[in-house]
Amino acid sequence: MNWWAKLRRNPLAQVGFVVLVVLYVAVFFADFLSPYAPDEQYRKQALLPPTPWHLENGKFVVYPSRKGPPDMNTGLPKFVEDQAHPTEVQFFVQGYPYRFLGLIPSNLHLFGTKTADKQGYLFLLGTDEQGRDQFSRLLSGGRISLTIGLIGIGISFPLGLLAGGISGYFGGLIDNLMMRLTEVLMSIPSFYLFIALAAVLPPQLTSAERFTLITVIIALTSWAGLARVIRGQVLSLKEQEYVEASRALGASPMYILFRHILPQTATYIIISATLAIPSFIIAESVLSLIGLGIQEPDASWGNMLVGANSTSKILFNTWLVAAPASLIIITSLAFNFLGDGLRDALDPRNTQR
């Protein structure tokens with residue numbers, strides 16, 4: 001019962017929890033935090049590095065940047081700031097319109113620049129080849145990348161829990177049929193399933209609808225491994241004395257299963273869920289890489305990496321790769337840290353106080 005105290009004493013679990021809270025809050029308020037619309041293009045500012053901030057007279061200012069001649073020694077492009085036209089960075093400024101929570105119309109943004117000549121732009125993480133703000137696209141794409149795992153486990157885990165519980169409790173023919181089904185599903189190669197799905201899906205679907213549908217179908221076929229583990233736990237739990245007592249009192253099999261047995265697997269479910277979410281996030285990146293995920297102009301962390309997979313961009317425009325790759329790695333590590341912490345805290349064999 002002291003699992004919360006154990007979890008609080010795990011520094012890595014705390015770090016993972018805080019990082020995830022920050023990330024989910026950031027993508028939830030993406031429109032407010034983004035200085036520009038994620039699909040807004042500034043062609044003259046294409047492939048600019050992150051905008052430097054300067055402190056002048058107690059105020060933060062930025063300067064218009066342009067690409068200069070490359071360095072003769074390294075070949076790297078140089079960027080020149082026009083210091084004759086400083087632009088003040090302001091907070092709580094008006095910008096592109098959006099609907100907060102999809103309902104409330106607003107155009108208020110946390111920060112930005114306000115100039116009549118539109119010369120001073122603030123690109124926290126630089127721009128891509130079409131002049132779109134990387135920071136705004138990362139926040140917008142994070143909504144897809146961070147929710148795709150929740151959709152996946154929200155479908156696959158209840159199915160695995162139900163199938164494993166029924167199979168383990170009732171046994172016999174039901175057990176044999178369900179276990180043979182799980183073996184068939186586990187034998188299907190995921191990569192070829194992706195290819196088949198891409199070929200049969202209607203072409204008129206948007207990239208977000210297409211990827212969501214693929215994720216749902218993959219989740220419907222990925223519950224088999226969880227079902228086998230739950231079945232093994234149910235086989236042991238159904239022989240416990242409290243289950244026998246409930247059965248002797250006349251409780252129905254489904255009542256016993258859902259009231260007494262399956263809740264005992266909650267520890268494993270929670271831990272497995274936190275460790276499974278990163279696999280869906282990485283899968284989104286892989287699907288975008290092979291052209292089955294979110295497609296332009298929509299943003300996701302995966303297709304932002306795809307847009308920066310050329311050698312020249314990796315060498316000369318590192319900000320295009322560093323930001324989405326770092327977020328994918330940080331998110332995956334945060335979920336793993338939290339999952340490891342929950343495993344240690346909820347393990348009844350862990351007697352540390």
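Values below: every heavy atom of this structure, side chains too, minus hydrogens, waters and symmetry copies. Note that this is a predicted model, so its numbers are computed, not measured.
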**OP:** Kindly assign one of parallel, tilted or perpendicular to the pair Phe100 and Phe29, based on the angle between their ring planes and the thresholds 30° and 60°.
**Re:** parallel

For the pair [X] (side chain) and [Y] (backbone), establish whether a donor and an acceptor sit closer than 3.5 Å, ignoring hydrogens and angles.
X	Y	value
Ser300	Ser145	no
Asn57	Lys59	no
Tyr121	Val62	no
Trp319	Leu48	yes
Ser279	Ala276	yes
Ser34	Ala30	yes
Ser332	Ile328	yes
Ser222	Ala219	yes
Asn303	Asp298	yes
Thr274	Ile271	yes

If I compare all heavy atoms of [X] with all of [Y], which pair ends up nearest, and what's the gap?
X	Y	value
Pro263	His260	CD-C, 4.0 Å
Trp223	Ser156	CB-O, 3.2 Å
Ala224	Leu185	CB-CB, 4.1 Å
Ser326	Ala322	OG-O, 2.5 Å

Would a hydrophobic clustering, with Ile, Leu, Val, Met, Phe, Trp and Tyr connected at side-chain separations under 4.5 Å, put [X] with [Y]?
X	Y	result
Val25	Val19	yes
Phe280	Ile329	no
Leu181	Met178	yes
Val89	Leu110	yes
Leu162	Leu235	no

Is any side-chain heavy atom of [X] less than 4.5 Å from a side-chain heavy atom of [Y]?
X	Y	value
Leu122	Pro35	no
Leu12	Asp340	no
Phe60	Leu55	yes
Phe337	Asn10	no
Val234	Leu262	yes
Pro38	Asp133	no
Tyr42	Thr127	no
Ile261	Lys238	yes

Subject >> Steps toward side-chain contact (heavy atoms from CB on, under 4.5 Å) verdict (Thr331, Ile281) >> reply: CA-CA 9 Å; Thr331 304; Ile281 297 175; 3.6 Å; yes

Return a table of donor-acceptor pairs under 3.5 angstrom between the side chains of residues 249-259 and protein atoms on other chains or two or more places apart.
| unit_1 | atom_1 | unit_2 | atom_2 | d |
| --- | --- | --- | --- | --- |
| Ser252 | OG | Tyr255 | N | 3.3 |

Would you compute the distance between atom [atom1] of [X] and atom [atom2] of [Y] and round it to the nearest 0.5 angstrom?
X	Y	atom1	atom2	answer
Leu320	Asp128	CG	CG	6.5 Å
Arg132	Met304	CZ	CE	8.5 Å
Tyr63	His54	OH	NE2	5.5 Å
Leu159	Ile155	CG	CD1	8.0 Å
Leu150	Ile277	CG	CD1	5.0 Å
Ser272	Ile270	OG	CD1	10.0 Å

Pairs under 3.5 angstrom only: tabulate donor-acceptor contacts from the side chains of residues 226-233 to other protein residues two or more places apart or in another chain.
| unit_1 | atom_1 | unit_2 | atom_2 | d |
| --- | --- | --- | --- | --- |
| Arg231 | NE | Asp175 | OD1 | 2.7 |
| Arg231 | NE | Asp175 | OD2 | 3.2 |
| Arg231 | NH2 | Asp175 | OD2 | 2.8 |

**OP:** Could you tell me which residues satisfy side chain to side chain contact (heavy atoms under 4.5 Å, CB included) with Arg99, sequence neighbours excluded, listed by chain and number?
**Re:**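 Partners of Arg99 under the side chain to side chain contact (heavy atoms under 4.5 Å, CB included) test: Pro105.
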
**OP:** Answer yes if the ring centres of Phe32 and Tyr98 are under 6.0 angstrom apart, and no otherwise.
**Re:**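 Centroid distance Phe32-Tyr98: not below 6.0 Å, so no.
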
Original post:
Is the centre of the Tyr36 ring less than 6.0 Å from the centre of the His109 ring?
Top reply: no

Subject >> Residues in side-chain hydrogen bond (donor to acceptor under 3.5 Å, both in side chains) contact with Arg43, at least two apart in sequence or another chain >> reply: Gln41

Subject >> Evaluation steps, side-chain contact (heavy atoms from CB on, under 4.5 Å), between Leu327 and Leu23 >> reply: CA-CA 9 Å; Leu327 284 176; Leu23 288 174; 4.0 Å; yes

**OP:** Kindly state each residue pair satisfying ring-ring contact (aromatic ring centres under 6.0 Å, His included) with at least one member in residues 148-183, sequence neighbours excluded.
**Re:**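 Counting only pairs at least two positions apart or across chains, no ring-ring contact (aromatic ring centres under 6.0 Å, His included) contact touches residues 148-183.
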
**OP:** Might you work through the side-chain contact (heavy atoms from CB on, under 4.5 Å) test for Phe135 and Phe123, ending with a clear yes or no?
**Re:** CA-CA 7 Å; Phe135 179 74; Phe123 302 118; over 6 Å; no

Original post:
What residue pairs, at least two apart or across chains, pass side chain to side chain donor-acceptor pair (under 3.5 Å) with a residue in residues 23-32?
Top reply: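 Every side chain to side chain donor-acceptor pair (under 3.5 Å) pair that includes a residue of residues 23-32, provided the two are not neighbours, is Asp31-Tyr96, Asp31-Arg143.
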
Subject >> Positive for side-chain contact (heavy atoms from CB on, under 4.5 Å) with Thr87, one of Val61, Thr51, Thr113 >> reply: Thr113

Subject >> Pair Ile144-Trp301, side-chain contact (heavy atoms from CB on, under 4.5 Å): steps then yes or no >> reply: CA-CA 8 Å; Ile144 294 175; Trp301 295 348; over 6 Å; no

Subject >> Atom CD of Glu241 with >12 non-hydrogen neighbours under 6.0 angstrom >> reply: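 Result for CD/Glu241: open.
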
